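Sharing a structure, written as structure tokens. Questions coming.
Residue indices begin at 1 and follow the sequence shown. What you see is a predicted model; the values in this text were computed from it and never measured.
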Amino acid sequence: MVVLDANTYLLELIKEVNVMKTKSTAIILCFFGGWLGIHKFYLGQNVAGILYLLFFWTCIPSLIAFVEFFILVLMSDIEFNTKYNQVIASTGRAVSAKDATSALADLKTLFDSGIITAEEYEEKRQNLLKSL
């Protein structure tokens, strides 16, 4: 296990936050650039994006993007986050033990570094344990 200093850990957390995809951005990209598959690249579906680029001249990707636009508009935020951000939806599904263990280790590192207080540490630890 690699121990990160506080600054490196915070930078990693910021990178993770920046990786989160938003539903509104996906909808806008699908509407304006769906015929080229821009929304597919944004959503991390690179193979589909390449297929859109290869076949855009047939107008088939435009038709598919038209349908996908409405699917994205009608999709709930929880569904979107579960599908494209790999976030556990707050529908009662448990977090895996491996994820919880690594999250607890990261939390302990933050506490040991003095970045979070004992109260914050205990609160977040209890929330993680409840999610198992």
Query raised in the report: Do side-chain atoms of Asn85 reach the backbone of Met20 as a donor and acceptor pair under 3.5 angstrom?
Result: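 Not a single qualifying donor-acceptor pair exists.
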
Query - Cluster check Leu43, Val73: I/L/V/M/F/W/Y, side chain < 4.5 angstrom - result: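 Per the 4.5 Å side-chain linkage, Leu43 and Val73 are co-clustered.
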
**Report entry** Where Ala65 and Cys30 come nearest, the two heavy atoms and their spacing
**Finding:**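 Looking at all heavy atoms of both residues, the closest pair is O-SG, 3.3 Å.
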
Query raised in the report: Just wondering, do Phe56 and Leu51 contact through their side chains at under 4.5 Å, heavy atoms?
Result: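 No, too far: nothing below the 4.5 Å cut-off.
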
Query raised in the report: Side chains of Lys23 and Leu72: does their closest heavy-atom pair fall under 4.5 Å?
Result: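 Lys23 vs Leu72: side chains apart.
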
**Report entry** Side-chain donor or acceptor of Ser113 paired with backbone N/O of Leu110 under 3.5 Å
**Finding:**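 Answer holds: no.
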
Query raised in the report: Out of curiosity, does Ile60 fall in the hydrophobic cluster containing Val67 (side-chain heavy atoms, cut-off under 4.5 Å, transitive links)?
Result: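 No.
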
Query raised in the report: CD of Glu68 to CZ of Phe31: how many Å apart, nearest 0.5 Å?
Result: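 Answer for the CD-CZ pair, Glu68 versus Phe31, is 14.5 Å.
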
Query raised in the report: When clusters are formed by joining ILVMFWY residues with side-chain heavy atoms under 4.5 Å apart, either directly or through shared neighbours, do Leu36 and Phe41 land in the same one?
Result: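 Yes.
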
Query raised in the report: Quick check: does any side chain N or O of Thr25 sit under 3.5 Å from a backbone N or O of Lys21, one acting as donor and the other as acceptor?
Result: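 Checked: no pair found.
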
Query raised in the report: Counting heavy atoms not belonging to Tyr42, are there more than 12 under 6.0 Å from its OH?
Result: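 Counting neighbours around OH of Tyr42, more than 12 heavy atoms of other residues, nucleotides or ligands fall under 6.0 Å, so yes.
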
Requested in this report: Identify whether Ile115 and Tyr121 are in the same connected component of the hydrophobic contact network (ILVMFWY, side-chain heavy atoms under 4.5 Å).
Outcome: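 Same hydrophobic cluster.
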
Report task. Flag the pair Lys40 / Asn46 as yes when at least one side-chain heavy-atom distance between them is below 4.5 Å, and no otherwise. Result ->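 No, too far: nothing below the 4.5 Å cut-off.
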
Query raised in the report: Say you draw a straight line from CZ of Phe55 to CD1 of Ile64; how long is it, rounded to the nearest 0.5 Å?
Result: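 Between Phe55 CZ and Ile64 CD1, I get 10.5 Å after rounding to 0.5 Å.
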
Requested in this report: For side-chain contact (heavy atoms from CB on, under 4.5 Å), just list the numbers for Glu120 and Phe111, CA-CA rounded to whole Å, side-chain angles, deciding distance to a tenth of an Å, and then say yes or no.
Outcome: CA-CA 9 Å; Glu120 291 173 320; Phe111 175 66; over 6 Å; no

Query raised in the report: Can Glu79 and Ser76 be counted as having a side-chain donor-acceptor contact under 3.5 angstrom?
Result: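 Their side chains do contain a donor-acceptor pair, which is all the 3.5 Å distance test asks for.
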
Query raised in the report: Could you give the distance from OG1 (Thr109) to CG (Leu104), rounded to the nearest 0.5 Å?
Result: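 Answer rounded to 0.5 Å: 10.5 Å.
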
**Report entry** Glu119 backbone acceptor or donor facing Glu122 side chain under 3.5 Å
**Finding:**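 No, the answer is negative, given that no donor and acceptor are paired below the 3.5 Å cut-off.
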
Query - Ring centres under 6.0 angstrom apart (Tyr52, His39) - result: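 Tyr52 vs His39: aromatic centres under 6.0 Å.
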
Report task. Give me the ring orientation class for Phe66 and Phe70: parallel if the planes are under 30° apart, tilted from 30 to 60°, perpendicular past 60°. Result ->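 Correct class here is perpendicular.
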
Requested in this report: Report yes or no: do Phe69 and Ile71 belong to one cluster of Ile/Leu/Val/Met/Phe/Trp/Tyr joined by side chain heavy-atom distances under 4.5 Å?
Outcome: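 They do share one cluster, since a chain of ILVMFWY contacts under 4.5 Å joins Phe69 to Ile71.
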
